[in-house]
Enquirer: 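Here it is, the structure, as structure tokens.
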Amino acid sequence: MENEPDHENVEQSLCAKTSEDELNKSFNLEASLSKFSYIDLDKELEFKNDLIDDKEFDIPQVDTPPTLESILNETDDEDESFVLEDPTLLNIDTIDSHSYDTSSVASSDSGDRTNLKRKKKLPDSFSLHGSVMRHSLLKGISAQIVSAADKVDAGLPTAIAVSSLIAVGTSHGLALIFDQNQALRLCLGSTSVGGQYGAISALSINNDCSRLLCGFAKGQITMWDLASGKLLRSITDAHPPGTAILHIKFTDDPTLAICNDSGGSVFELTFKRVMGVRTCESRCLFSGSKGEVCCIEPLHSKPELKDHPITQFSLLAMASLTKILVIGLKPSLKVWMTFPYGRMDPSSVPLLAWHFVAVQNYVNPMLAFCRGDVVHFLLVKRDESGAIHVTKQKHLHLYYDLINFTWINSRTVVLLDSVEKLHVIDRQTQEELETVEISEVQLVYNSSHFKSLATGGNVSQALALVGEKACYQSISSYGGQIFYLGTKSVYVMMLRSWRERVDHLLKQDCLTEALALAWSFHEGKAKAVVGLSGDASKRKAIVADRMVEILFHYADRALKKCPDQGKIQVMEQHFQVVLMCWENRLYDAMIYVYNRGMNEFISPMEKLFRVIAPPLNAGRTLTDEQVVMGNKLLVYISCCLAGRAYPLGDIPEDLVPLVKNQVFEFLIRLHSAEASPEEEIYPYIRTLLHFDTREFLNVLALTFEDFKNDKQAVEYQQRIVDILLKVMVENSDFTPSQVGCLFTFLARQLAKPDNTLFVNRTLFDQVLEFLCSPDDDSRHSERQQVLLELLQAGGIVQFEESRLIRMAEKAEFYQICEFMYEREHQYDKIIDCYLRDPLREEEVFNYIHNILSIPGHSAEEKQSVWQKAMDHIEELVSLKPCKAAELVATHFSGHIETVIKKLQNQVLLFKFLRSLLDPREGIHINQELLQISPSITEQFIELLCQFNPTQVIETLQVLECYRLEETIQITQKYQLHEVTAYLLEKKGDIHGAFLIMLERLQSKLWEITHQGENTKEDPSLKDVEDTMVETIALCQRNSHNLNQQQREALWFPLLEAMMAPQKLSSSAIPHLHSEALKSLTMQVLNSMAAFIALPSILQRILQDPVYGKGKLGEIQGLILGMLDTFNYEQTLLETTTSLLNQDLHWSLCNLRASVTRGLNPKQDYCSICLQQYKRRQEMADEIIVFSCGHLYHSFCLQNKECTMEIEGQTRWTCYKCSSSNKVGKLSENSSEIKKGRITPSQVKMSPSYHQSKGDPTAKKGTSEPVLDPQQIQAFDQLCRLYRGSSRLALLTELSQNRSSESYRPFSGSQSAPAFNSIFQNENFQLQLIPPPVTED
């Protein structure tokens, strides 16, 4: 390895031989190898619903699967061994093997002994399937292989492996690595090592293309890093010496590989890396002492199938000279299947190939194995119990011996026979799709390795005989592509896409075959289909488009053989396809044949006219097919007049004028060719006008645009116009819309600056009369729209404007009036047009707003519109009150009172004011800019009391500008007691509001008390409850701001009012009401208990004359309910107090532990002066230790300005920790403490020298129990963590309340403290959660 050549020099020398053009042309693998055509699983399995042939059968299941020993002890003559123990190593001297022949067998007489059994060859399938495979030479790689052999003595190529890179091994031990652009990336190994190890006999690249395994003819194995080109492992003891490596393959596990040597043994290689040392452990899977394996194939799964249940077994297929074995490497070694070949030619090559296929809607791996001319397919499944079952599918009988089998996708396989012919086979139908001769590849054979010539030829005769045709290492498949290694070249083959297959036939002028192939794609009967995805309808549509192109191509070729001249009968006879097109309704094809074949453009028109003219003349409705034909006729006429061919292309330039003249002459014919006596004149123009007037006139307009102003063109235009007028104006069969379209067309033509047409002006007057004075009032909007289009197209110059306005007003064509008034800038009159038009009346608001707000109109015009709107304000309000209010607020804000005076209708006034003042109506009005006087708001409130009294309170809550006194008078006038109470409360007269609500409650209670006993349903009881709830809410809202006497003045009368009906005789009150009233009374007691002391409530009840006579049983329920509430609140208070005490105790313990914890300095010297604190004795100096571990003299810290004043106290900061943040502001102390920039310190109150007894500092430190700065910082931090009321303040408040008689923190017995209570604070929130753990 020391003599490896310089990789850079090798790469440069090899790359110099290949030109850039060759690289780009040769490596055309759809784009380049960088885009290997991965066949997506969905595309591979698109026919997954197809079932297997009926001939398939299952291998009989056995109770006990065969063991390794039973296989080893089989007595069959062709038995082979399968052992787990390592075989006896053989010591055989190695010999030089550099000189051996790797040329193609097909280059000489191969002498195939199986020719005697050839069957009759299948017919050539080219005509049915076309060219299925595309093969191309990789010129870049091929040139560099030859260059490497010449310049660096790399030798001939011997093996190939393909992934996203291409690796080629040579006979002198080099591995050439090519990238996706055919550039040489790495040259691995050296010729000196090649002389020691021999030729590279096998290659393998792992899944992620990061490692390469090289097997050598003398038995060694090397592993390379493909990213760096570094040699990772050199393995010399993985198998017995003196045997060549025939196969080496990575499994899906990158740490596991399988190798097969020329002794017929199979070994498992496990790669490990322990403590940075790469190792390789070898285990013998199969010993060649009793039988020889010559082919191995591990099951590889694509990334999308990595979770398939089969992959966990890591299956490995092995082919010996007598049987096939399928074993599982994981989780433990196990034989899953053995299958004997039977009798066959000993010189045939055993072949194995795995692929995932879809069978009966399940995707499972299928193993194809063959030897000779029969291919067997085995489907591998895993059942629910975890066991693997192997099912034999229908086998494939061939008429040739195979030397290679490759899956290209799940339905298509590619076989290589012994005379180097490729056969593409459809697996399910066993149909041969194509045969390709590849003898030009000069395929490399592995015969010398199977004979182990490099180690002395110590192999069995059977293996050497098989090796004559072995080419395992010369063919590699990847991503749906197959790579073939020749002695001087590399070829790649892949399936053509369906388009390529069709195009390939077209290039060879096989039009019939191309059409047949496309039809098979269309019907889904084609084989080896690539490039068609999606559902069936989508695939058919894509193929159908291509078939149409083929038909056009076919027609072009056929038309070129058409006679240039002759009788029309001869032409018709030649073009029988015309009749076929007409019979099959292929109208486009018919037109195409006429135009291209005979240069005939009029005959298609005549044919189409004969179809659509009769039903139109008879007044019948056209069928869908006739409508399609009519539309084609219009498009065809348009194309002919524009010089374009139908349906695509252009008419030859020399024919364009002739075609235009022919079409015009055809259209203006007086009668058709086979006219009946009843036929009206100008039938063709009449038919087109009846079919689609607007579109036909559009065709003429486009044609007139293209006309040059020569004499003939002007004559044609005038002639067409005259005919149009004659046909439409003198005929009553056309609708107003059709007549309007004609005159709109004429107006546009007359309005052109270069107009040469002449139209009698009286015709326009006749049209105006026709549209404005119809015999009936039908189609009013249609007639108006037609006239408007006519005017907008320039036809207004043809009319007298005053007469037009009069007729429009008479016909109620308000859009016409608007059009005319806008031309004269009479915008105020347009308002009348909108108001009179029922279809557009609501658009008047936007119109007025646009005129008054958008610049461009004069002041006089805006004033006239403003005045007009003011005059019609009542009509506008009745039309849309919210829009009218928005308009008034925007443009009439200073004249609102005037608007109100104009609104005499009270209902309209109410709707207007509600839209104007109530923000809930949804209009966007700035009330501040509006500046409405209170009197207007109060007028609205009065109207609201009249028309919608239930909404008064809700409206008052959103209104702003009104006076309370006047509003109260209005509500009292209309006896809206709840509204009056709301206003009195807002005014501040709580007692007055309460009296009104109390009076209303008492009246409701009186109604209940004096109603008849026979009433089943009582709606008034619900009124009592609602009124009581509103009264309680009033008392609760205001009790916080009243003293104890004022509270009692509210709550006790309410309690009296609820208890008064219960004092009456029980016989006068139904039992149902009695229970309900007791419940309501209890609700009042519960509500007032939060504001009135419990003793006061009991005292008031007991002082009542009725209850004071010893009848406590009547109020027993009330008192017990109050006591239950008291007990509940007492329990809640005690629990809360306990939690608070525990919380406070924990906080104080945590604080005490924090401030008493000692600090451990990291060093015994000052971090500034670097002197030990014990040795500095110049002055009395304190030692300051920070929690970060740094230690300082206080004098040193003062010199470094590491002090700060916070709340009047001096705080120290660590110099080292804060030196990088000197630019920071001192006010950021709190955040810096959290981040560790300013570290709390502990000051040791002893000087650095020996203290004397009289030291004043020491006395101060020991005699005064004050908090030091570090304790103060800790306490401040604790306070910040628990923001809110102090725990001590909470406990003080609670203890004061607990000492009182009520035991209730919400007691109102002491009015003065109640105002300042913590619990009365609105921001007080009790947070009963575990406190956060602070950082030490």
Side-chain angles (χ1 to χ4, degrees), residues 944-956 968-985 989-1039 1048-1089 1092 1097 1100-1101 1104-1107 1111 1113-1118 1121:
L944 188 65
C945 293
Q946 296 179 35
F947 298 110
N948 197 355
T950 59
Q951 298 291 323
V952 176
I953 291 183
E954 295 181 5
T955 306
L956 288 175
I968 290 173
Q969 293 176 6
I970 293 172
T971 56
Q972 289 176 345
K973 173 183 175 182
Y974 293 96
Q975 297 183 356
L976 300 178
H977 303 296
E978 294 181 4
V979 183
T980 306
Y982 168 78
L983 293 171
L984 288 174
E985 181 183 2
D989 187 2
I990 308 300
H991 192 68
F994 173 74
L995 291 178
I996 292 177
M997 296 299 295
L998 184 63
E999 181 181 356
R1000 186 163 177 266
L1001 178 63
Q1002 289 173 342
S1003 65
K1004 298 290 184 181
L1005 290 171
W1006 186 86
E1007 292 177 3
I1008 290 180
T1009 305
H1010 294 82
Q1011 75 173 10
E1013 296 183 3
N1014 56 353
T1015 304
K1016 294 183 179 180
E1017 296 183 1
D1018 186 13
S1020 61
L1021 187 60
K1022 179 64 176 174
D1023 296 341
V1024 170
E1025 184 176 0
D1026 294 341
T1027 307
M1028 186 202 70
V1029 170
E1030 294 173 3
T1031 309
I1032 291 176
L1034 172 67
C1035 297
Q1036 288 176 332
R1037 284 195 302 269
N1038 298 281
S1039 293
E1048 292 178 355
L1050 292 182
W1051 288 103
F1052 284 136
L1054 176 60
L1055 180 62
E1056 289 289 343
M1058 292 304 301
M1059 295 178 64
Q1062 302 177 53
K1063 299 176 184 178
L1064 302 177
S1065 173
S1066 60
S1067 61
I1069 303 177
H1071 180 70
L1072 177 62
H1073 295 336
S1074 176
E1075 292 298 326
L1077 290 177
K1078 285 183 180 180
S1079 175
L1080 295 177
T1081 305
M1082 196 65 208
Q1083 188 174 347
V1084 173
L1085 285 172
N1086 289 334
S1087 300
M1088 67 186 296
I1092 307 297
I1097 299 175
R1100 177 58 65 93
I1101 293 175
D1104 187 273
V1106 177
Y1107 300 121
K1111 298 180 180 180
E1114 299 179 7
I1115 61 171
Q1116 181 180 5
L1118 299 178

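Everything numeric in this text was worked out from a predicted model, so none of it was measured. In this chain, residues are counted from 1 in sequence order.
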Enquirer: Nearest 0.5 Å, please: how far is CG in Asn948 from OG1 in Thr955?
Expert: 7.0 Å

Enquirer: If you look only at pairs with a residue in residues 944-954, which of them pass as a salt bridge (charged side-chain N to carboxylate O under 4.0 Å, His left out), with sequence neighbours excluded?
Expert: Arg920-Glu954

Enquirer: Could you report the tightest heavy-atom contact between Ala981 and Ala993, atom names first, then the distance?
Expert: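 Closest pair (atom of Ala981, atom of Ala993, distance): O-CB, 3.2 Å.
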
Enquirer: So, do Ile1032 and Trp1051 sit near enough that their side-chain heavy atoms are less than 4.5 Å apart?
Expert: yes

Enquirer: I want to check something: taking the side chain as every heavy atom from C-beta on, are Gln1036 and Ser1087 in contact at a cut-off of under 4.5 Å?
Expert: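 Contact flag for Gln1036/Ser1087 side chains = yes.
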
Enquirer: To the nearest 0.5 Å, what is the distance between CE (Met1088) and CD (Glu1048)?
Expert: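 So the gap between those two atoms works out to 8.0 Å.
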
Enquirer: Met1058 vs Leu1005, test: side-chain contact (heavy atoms from CB on, under 4.5 Å). Steps then yes/no.
Expert: CA-CA 8 Å; Met1058 292 304 301; Leu1005 290 171; 4.1 Å; yes

Enquirer: Among Lys1022, Arg1000, Glu978, whose side chain to side chain donor-acceptor pair (under 3.5 Å) with Thr1027 holds?
Expert: Arg1000

Enquirer: Are any of the side-chain heavy atoms of Glu1030 and Leu1001 separated by less than 4.5 Å?
Expert: no

Enquirer: Which atom names give the shortest non-hydrogen contact between Leu944 and Val952, and what distance separates them?
Expert: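 Closest approach of Leu944 to Val952: CD2-CA, 3.7 Å.
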
Enquirer: Taking all atoms of both residues into account, what is the closest heavy-atom pair of Cys945 and Leu976, and its distance?
Expert: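 It is SG-CD1, 3.5 Å.
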
Enquirer: Quick check: do Val1024 and Glu1007 have side-chain heavy atoms less than 4.5 Å from each other?
Expert: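 Contact flag for Val1024/Glu1007 side chains = no.
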
Enquirer: Got a second to check how far Ile990's CD1 is from Leu1034's CG, nearest 0.5 Å?
Expert: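 The distance works out to 6.5 Å.
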
Enquirer: To the closest 0.5 Å, what do you measure between CG (Leu983) and CD1 (Ile996)?
Expert: 9.0 Å

Enquirer: Please report the shortest heavy-atom distance between Thr1031 and Phe994, naming the atom on each side.
Expert: CG2-CE1, 3.8 Å

Enquirer: Heavy atoms, side chains only, cut-off 4.5 Å: are Val1084 and Leu1080 in contact?
Expert: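 Not touching, per the 4.5 Å side-chain cut-off.
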
Enquirer: Quick check: do Leu1085 and Leu1055 have side-chain heavy atoms less than 4.5 Å from each other?
Expert: yes

Enquirer: Going through the distances and angles, do Met997 and Leu1054 end up as a side-chain contact (heavy atoms from CB on, under 4.5 Å)?
Expert: CA-CA 10 Å; Met997 296 299 295; Leu1054 176 60; over 6 Å; no

Enquirer: Does atom CD (Gln946) have a neighbourhood of more than 12 heavy atoms from anything else shown, all under 6.0 Å?
Expert: yes

Enquirer: Between His977 and Glu999, is there a side-chain heavy-atom distance shorter than 4.5 Å?
Expert: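 Heavy-atom side-chain distance check fails, nothing below 4.5 Å.
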
